Amino acid sequence: MVPKIRRGSRTHGLLVYLYGPGKRDEHIDAHLVGSWDGFAPDPGRDTSPDPDPKVTLARLAAALDLRVKQAGTKAPAQHVWHCSVRTDPGDRTLTDAEWNTVARRLVQTVNLAPEGDPDGCRWVAVRHADDHIHIVATMIRGDLRRPRMNYDFKKAQAECRRIEKEWGLRQLKPGDGTGAKTPTSAERFKAERTGRPEAPRETLREAVRQALAGAANEEEFFTRLREAGLRVKIRNAPSGDALGYNVAIPGDRNRDREPIWFAGSTLAPDLSLPKIRRLADGTLDQTAPSSASGGRPEWSPPARERRNATGIAERAATLLDSGDDEAAAQLVGVGELLDAVAQTSPAATRAELAAAARAFERATRSHVRAERADTRAVRSAARGIIQAGSAFGRGEDGGTTAMLVSTLVLVALAAARWHSARGHAQQAHASRQTAEHLRAAYRQAAATPMQALRDQGRALPEAERRTHEATIRAALPEQGLQADNSSTKTHALTATLAQAEKAGHDPKALLQQAIDMRELDTAEDVNDVLVWRLRRLAQLPAHPGVTRRPQAGTSQPKSAAKRTSNRTAPTAAARPAAFDPRHRTPRR
């Protein structure tokens, strides 16, 4: 049940709309379901002889405005309180009597008409559709004073949550006032008329977030907005410094044929330029260093940056699991990372990844403020992915996409726990939705490389396969893993352990290191998660059949016979990268 509150100055004009046909003839059988005294004239169902709806409507408006006229200049200019209340599409249809109860409870909870107060404000509830009503009240009491209506929106929301629980309706998540503004009905209708899939403010909000993902400085941020095809208007101080910005969709104009501009702050609370600077923690004027380093395999740029981002995402999940408020900044960085991955991933996974990024947008905002958090590493990862360009979804690129998305699932679930611990119901729900979209994307990205790994696992000599299955069973006894030939559950994991051993690693030590990185309880498939952790730690190709190309000046790994150490040091890929202010890359 969703209440939406507005204020206005024209009682008669609002009633004309509510009792009219609507903008698209959507108003049907408009009538009162409640009023301040139960005897207000009803233009929709006036039973007097030869009723004239216009006359009755004028009488109703005059009755509502009586105290406003009596108060004279003491009445506020915006004296009309208008609240629409809508049930969820899956809810049952409420009766007129039930809607009357809803209206009475709301005007009482916001202090318009307290129970038993003869001086309460005058109000009516109009129903012209099955799923919602409109409450119209004039904000002058019988003693000609204004009602005290602090936090009326929060109070109305809380009352709707109580009604949902009591009446068995769908229980929505309580908000905290940090959500982005939803499109108005006028914006939605215009989008439908012009054939747009969504309102311009939604399109612009997503475009701004994508342009922000990993941007090195403000100039690059604004350049990306223009490259995305948006109109950009920057507001500058006399000194020339940018104070803010506005964006518009080309061709989106008002009735005067002028562009319809949206300031960043009107798209979302955290997209104003000052808040972007604050949330980025000073990283907007820095750039990411190259991920290449001596002694590491020379993967393709998209694959290399996805490997780097996977390690940084693991660290973000660990910070979120720590429960520290400083992890709030990591959420913002993870949002940028999701935007970057969605923009550069192959078509097969792009839709689900874009949906994940859009859902997580709600999880990036709360009232928790991180004072000392450093987001440079995660923003660096997002920037590296953008600069490396699009992955093709084949070979190593496709495998590292699966590797990264598998980790991002765990990050989204860690975010859900972090928000739930603070009572952020909407953000926790958005995080869980993100995880579901990421799981769908993972299944698409991982299908080919995981099948190839399973085939390799089945092709191992029986003795070697049984040895590695015993290692897995000893490390993960609670998983109930089977080592018989009929089991296909661990084929990809056994193949990975076999390849790691051939590369010179101790399989037992490496597997334990992968298990100890962080919890596995929330993993949909523990084997898949461990496969990707092992392949990243051991610097194995993410897609079987891809040959590692050592960088110039480095040598091939020694054989397993010559490397007998039982300990595997953390690789550079497992450590988060950081921005180096001395390293400057050309602007895109």
Side-chain angles (χ1 to χ4, degrees), residues 306-307 309-311 313-314 316-318 320-321 338 341 345 348-349 352-353 355-356 393 398-417 431-458 460 465 468-500 507 510-538 540-544:
R306 278 163 167 72
R307 281 177 171 270
T310 302
E314 284 273 9
T318 301
L320 288 165
D321 281 335
L338 283 169
V341 176
S345 289
T349 57
E352 289 290 355
L353 289 172
T400 51
T401 296
M403 177 187 291
L404 175 55
V405 174
S406 173
T407 302
L408 288 173
V409 172
L410 301 182
V411 176
L413 294 174
R417 291 192 296 273
S431 299
R432 287 188 286 270
Q433 282 185 316
T434 301
E436 290 307 308
H437 287 299
L438 288 172
R439 280 173 171 152
Y442 171 76
R443 287 189 285 269
Q444 294 171 332
T448 300
M450 289 301 292
Q451 185 58 50
L453 282 170
R454 294 187 191 102
D455 293 342
Q456 290 185 357
R458 278 191 291 267
L460 287 173
R465 187 177 67 249
H468 291 306
E469 286 175 348
T471 299
I472 298 167
R473 192 162 48 250
L476 295 168
E478 69 280 4
Q479 300 299 320
L481 304 180
Q482 299 178 5
D484 58 276
N485 291 332
S486 64
S487 173
T488 62
K489 192 173 185 180
T490 63
H491 282 335
L493 190 51
T494 54
T496 297
L497 288 176
Q499 292 168 14
L510 193 65
L511 178 59
Q512 194 58 52
Q513 182 183 353
I515 293 171
D516 292 341
M517 287 177 67
R518 60 184 308 274
E519 57 83 23
L520 293 166
D521 295 340
T522 54
E524 188 175 48
D525 190 317
V526 172
N527 292 281
D528 280 22
V529 172
L530 290 176
V531 163
W532 298 122
R533 287 183 185 176
L534 289 168
R535 302 193 79 80
R536 184 169 58 82
L537 289 172
L540 297 174
H543 192 288

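We count residues from 1, following the sequence as given. Source: prediction; values computed, not measured.
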**Student:** What's the shortest heavy-atom distance between R533 and L520, and which atoms?
**Tutor:** NH1-CD2, 3.5 Å
**Student:** Who pairs with D528 by salt bridge (Lys or Arg N to Asp or Glu O under 4.0 Å), at least two apart in sequence or on another chain?
**Tutor:** none
**Student:** Among V529, L530, V526, whose side-chain contact (heavy atoms from CB on, under 4.5 Å) with L493 holds?
**Tutor:** L530
**Student:** To the nearest 0.5 Å, how far apart are CG in L460 and NE2 in H491?
**Tutor:** 9.0 Å
**Student:** Considering only residues two or more places apart or on different chains, which pairs with a residue in residues 407-416 satisfy salt bridge (charged side-chain N to carboxylate O under 4.0 Å, His left out)?
**Tutor:** none
**Student:** S431: what forms a side chain to side chain contact (heavy atoms under 4.5 Å, CB included) with it, not counting sequence neighbours?
**Tutor:** F360, A363, A415, A416, H419
**Student:** Between T349 and S345, is there a donor-acceptor pair closer than 3.5 Å when you use the side chain of the first and the backbone of the second?
**Tutor:** no
**Student:** Which donor-acceptor pairs under 3.5 Å do the side chains of residues 398-405 make with protein atoms, sequence neighbours left out?
**Tutor:**
from	atom 1	to	atom 2	distance (Å)
T400	OG1	E396	O	2.9
T400	OG1	D397	O	3.1
T401	OG1	R306	NE	3.0
T401	OG1	D397	O	2.9

**Student:** Can you tell me how far the CG atom of L476 sits from the CD1 atom of I515, to the nearest 0.5 Å?
**Tutor:** 4.0 Å
**Student:** Output all residues satisfying side chain to side chain contact (heavy atoms under 4.5 Å, CB included) with E352, sequence neighbours left out; order by chain, then residue number.
**Tutor:** H437, A440, A441, Q444
**Student:** Going by salt bridge (charged side-chain N to carboxylate O under 4.0 Å, His left out), name the pairs with one or both residues in residues 441-450, residues two or more places apart or in two chains.
**Tutor:** R443-E524
**Student:** Atom OG1 of T310 and atom CZ of R307: how far apart are they, to the nearest 0.5 Å?
**Tutor:** 8.0 Å
**Student:** List the steps and the verdict of side chain to side chain contact (heavy atoms under 4.5 Å, CB included) for W532 and M450.
**Tutor:** CA-CA 10 Å; W532 298 122; M450 289 301 292; 3.7 Å; yes
**Student:** Can you list the residues that meet the side chain to side chain contact (heavy atoms under 4.5 Å, CB included) rule with T471, with sequence neighbours excluded?
**Tutor:** K508, L511
**Student:** Please give me the minimum heavy-atom distance between D321 and A414, naming the atom from each residue.
**Tutor:** OD1-CB, 3.6 Å
**Student:** Between A500 and L510, which heavy-atom pair has the shortest distance, and what is it?
**Tutor:** CB-CD2, 3.7 Å
**Student:** Return the set of residues passing side-chain hydrogen bond (donor to acceptor under 3.5 Å, both in side chains) with T496 (not counting sequence neighbours), or none when no residue passes.
**Tutor:** R535
**Student:** Could you grab the distance from atom CZ of R473 to atom OG1 of T490, nearest 0.5 Å is fine?
**Tutor:** 8.5 Å
**Student:** With sequence neighbours excluded, tell me which residues meet side-chain hydrogen bond (donor to acceptor under 3.5 Å, both in side chains) with T434.
**Tutor:** none
**Student:** To the nearest 0.5 angstrom, please state how far the CG atom of D521 sits from the CG atom of L410.
**Tutor:** 10.5 Å
**Student:** Would you say that L413 contacts R417 through its side chain, given a criterion of any heavy-atom pair below 4.5 Å between the two side chains?
**Tutor:** yes
**Student:** So which heavy atom on L453 is nearest to which on A492, and how close?
**Tutor:** CB-CB, 3.8 Å
**Student:** Taking all heavy atoms of L338 and all of A356, pick out the closest pair and write down the distance.
**Tutor:** CD1-O, 4.3 Å
**Student:** Side-chain contact, heavy-atom cut-off 4.5 Å: M517 with R536?
**Tutor:** yes
**Student:** Hey, are the side chains of L534 and L540 touching, using non-hydrogen atoms and a 4.5 Å cut-off?
**Tutor:** no
**Student:** Tell me every residue that passes side chain to side chain contact (heavy atoms under 4.5 Å, CB included) with A447, counting only those two or more places apart in sequence or in another chain.
**Tutor:** none
**Student:** Heavy atoms only: give me the nearest R465-G457 pair and the separation to one decimal.
**Tutor:** CD-O, 3.6 Å
**Student:** Kindly write out the residues that satisfy side-chain hydrogen bond (donor to acceptor under 3.5 Å, both in side chains) with R439, not counting sequence neighbours, or none if the list is empty.
**Tutor:** E436
**Student:** With D516, which residues qualify under side-chain hydrogen bond (donor to acceptor under 3.5 Å, both in side chains), at least two apart?
**Tutor:** Q512
